[in-house]
Amino acid sequence: MSAITRRGAALGALALVSALTACGTTHENAPGGSAGGAPSTRACQGAGGKYTIGMSQANLAEPYRVRMDEDIRKAAAGVPQFTVNFSDAAQDNAKQVEQVNTFLTQGIDLLIISPNEATPLTAVVKKAYDQGVPVLVLDRKVDGEGYTSFIGADNVDIGRQAGRFFADKLLPGGGKVVELKGLAGSTPAKERSDGFDQGIAGHGITVVGTADADWLRDKGQQQADALLKAHPDAQALFSANDPMAEGARIAAQNAGRADLPITGIDGLPVPEGGIKAVEAGRLSATFVYPTGGAEAVASAKKLLVDCQQVEKQQTLPTRLVTRENAAQVYAELNRS
Amino acid sequence: MTGRSVLSAVFRFQSVFGLVLVFAAAIVFSPHHNGDLVFLDSGNLFNVVRAISEIGIIAVGMTLVILVGGIDLSVGSVVGLASVGVAELLTTNDWGLVPAVLLVLALGLAFGVLQGIASARFRIQAFIVTLAGMQIARGLARMWSGGEGVSITYGDRPGQAPVPFSLLGERTFGGVVPIPALIFVVVAALAVWLLRASAFSRHVYAIGGNEKAALLSGVPVNRVKVLVFGLCGLLAALAGIVHAGQLNFGGPNDGTGYELNAIAAVVIGGTSLSGGRGSVFGTVAGALLVGVLDNILQLNDIDSNVQLIVVGAVIVLAAGLQRLRPATA
């Protein structure tokens, strides 16, 4: 008896699995065509239209990305025609591909995406673009030309600026620094580090020790602790983001080096962000890496509501935040 | 059919019933687009099946390991290692498709076998062995790739991967089934067959049920355990190859957390974490259930944090149902 019920249920499961796959065969006559019905709303309908925007976020584990979503939410609230759906890929390329596909099935009118990695997301972004859905790529790039506009700052450049700050302000006579890098294997970690090396090149500054701290505050403290023990002669510390820099500050204090100059990157205009840390004197400087959220919504409005074109490449300006301008930058970035 | 055996079937295939339930709910709650149900759209169903295929392949191996009372935490890292490995071999090293795939599969098998030996012969807990394996495989993946992701481009020139490998990334094969889903179905079918038609099956369930008794009745416990861990490593490597093919990319950090997703599919599928009870069918249904659930929540634009909570609740519910299961079932 038990064997029969077991087999029956098994057959049921098999039927279901095949139904799931077979369902696809009947409608899949035009690949690349309308996955989610006719693209009726995709053309610009002007101010009278209603538009759904899909926002595909790489992860919400970093405060920077939470702020990016918030910037988009805030800016979109100012455009009555817009509804924004958000998704979070939790640092998983495969999941992000799936989520973008789901957006396309929903029949979104425009896609904003901050890709987890470039190459894995290229195909699905191009698919959206080829279906006539405008695609705004935020912060991290995709390969090729299959998107409408890239909006973001330049990681190599921001690293270079940080390097120059060390050369000009912190160690004008040269010296030894230690460096905290982001997650090994991630593009921004490499680009920021490469940029930093370019910035300090030829100024008598040597990086005597580096460590990967995965963008995380606790890991930053732990790694800085080890770096400062191994290199007690280090005169400054460069961190590839603000949370790791904050961790390093605690390590420096514990090592009796409370005056060690430390710089970060990101400059988030939130109470727990890097700008406030500079204002409070915990960091010597940070560099604002804009989220591009507001700019993305502005571009979406241009495309969908105003029926205009946007630039293929929109490079956002980065800026240096020191104790002198911290309060002012903080206020400016929270005004819009 | 007695009421008792119906009840026992419900418990045995809780995930199949759960899947039917969730599938029905997904139809009910599906948004409409131009009069059609978005959820039932072919593109959407393909997306679901394609998306769960990697976790599904891993979960099949995980089911075997859990059935013998073990656990394998290294599979996510092995996915990363295999995806980097196949990408490096195909591009940097210019290997042919078949040798590259075979080497990476052999690597996964060897990794699993080593863990199996450490766990079975040297009596180190599987949790600890594979926790170490998780770190080691991740380290190897980062070393192999030089700490950077490896992009895969296709063509005949040096440094390009053979074009057939790109089929994994295509949505459909011949306009019908996504290849990753096809691989998943084949893997699951082979595993079902293995657990039905062989002495191996009896051994697996016997070890999970009572290892001492199995040993005393002549089951080659160590050999079966090593084989099971080897298969799990092999399947994780296969999932990594599929992963690299789907994304045209080998990422040293890819597969992070996949071990937990696979365990979730196994648990929802009704396999007992203490071993000896469960089925690959349940796991397949469990993986599909999570996929459909994720999909319908996103289609309705439910906040991603709520999605996490819902899936978590389903895992607890599934495990809780197992506690109620009658002892004879």
Side-chain angles (χ1 to χ4, degrees), chain A residues 1-2 4-6 8-10 12-14 16-18 20-29 31 35-38 40 57 60 83 85-88 90-95 97-99 101-107 117-123 127 143 183-187 189-190 212, chain B residues 1-2 5-6 8-9 12-13 16 19-20 23 31 33-34 36 38 40-51 54 142 145 147-149 151-152 169 171-172 175-178 181 185 192 243 246-249 251-254 256-257 281 284-285 288 294-295 298-299 301 303-305:
Chain A
M1 187 57 125
S2 154
I4 293 171
T5 49
R6 183 169 162 167
L14 191 66
L16 202 63
V17 173
S18 49
L20 260 178
T21 41
C23 258
T25 61
T26 48
H27 319 273
E28 190 73 7
N29 297 324
S40 55
Q57 182 58 269
L60 289 176
T83 313
N85 294 350
F86 291 86
S87 71
D88 165 20
Q91 294 177 326
D92 184 341
N93 293 320
K95 191 165 184 178
V97 170
E98 173 206 341
Q99 290 175 337
N101 271 317
T102 305
F103 276 147
L104 294 179
T105 309
Q106 281 177 310
E117 296 270 1
T119 310
L121 273 303
T122 298
K127 177 181 163 194
D143 303 331
L183 179 69
S186 73
T187 323
K190 181 174 172 13
D212 299 321
Chain B
M1 188 186 286
T2 64
S5 65
V6 170
S8 122
R12 192 184 293 274
F13 292 102
V16 177
L19 175 59
V20 172
F23 201 88
H33 189 76
N34 296 333
D36 293 328
V38 174
L40 288 179
D41 177 273
S42 64
N44 188 54
L45 291 177
F46 269 140
N47 191 25
V48 172
V49 180
R50 189 197 54 74
E54 289 168 23
R142 289 189 187 158
S145 65
E148 282 174 63
S151 294
I152 304 173
R171 275 308 77 119
T172 58
V176 191
V177 188
V185 170
V192 167
H243 186 79
Q246 284 211 66
L247 300 171
N248 303 327
F249 187 76
N253 301 317
D254 282 12
T256 304
F281 252 129
V284 172
L288 276 169
D294 270 346
N295 181 253
Q298 205 208 326
L299 280 176
D301 192 29
D303 184 79
S304 61
N305 301 324

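Quick note on labels: first sequence line is chain A, next is B, and so on, each numbered from 1.
For the residue pair Glu54(B)/Gln246(B), the side-chain donor-acceptor check at 3.5 Å is satisfied.
When the side chain to side chain contact (heavy atoms under 4.5 Å, CB included) test is applied to Asp143(A), the partners found at least two apart in sequence or on another chain are Ala118(A), Thr119(A), Thr122(A). By the side chain to side chain contact (heavy atoms under 4.5 Å, CB included) test, Ala184(A) is found to be paired with Asp212(A), Arg142(B), residues two or more places apart in sequence or in another chain being considered.
When every heavy atom of Phe249(B) is checked against every heavy atom of Ile152(B), the shortest pair comes out as N-CD1, 3.8 Å. The minimum heavy-atom distance between Leu247(B) and Ala94(A), with the atom names listed, is CD1-N, 3.9 Å.
Ranking Asp88(A), Leu121(A), Thr102(A) against chain B, the residue ahead of the rest is Thr102(A), based on heavy-atom pairs under 4.5 Å. Interface check for chain A: of the options Asn295(B), Leu299(B), Asn248(B), the most heavy-atom pairs under 4.5 Å are formed by Leu299(B).
Contact annotation for Glu117(A): only side-chain heavy atoms (C-beta onward) come within less than 4.5 Å of a heavy atom of chain B. Interface remark: Pro31(B) contributes no atoms to any contact with chain A (heavy atom separation under 4.5 Å). Contacts of Asp92(A) with chain B are made by side-chain atoms alone, with heavy-atom separations under 4.5 Å and no backbone atom involved. Both the backbone and the side chain of Gln99(A) have a heavy atom closer than 4.5 Å to some heavy atom of chain B.
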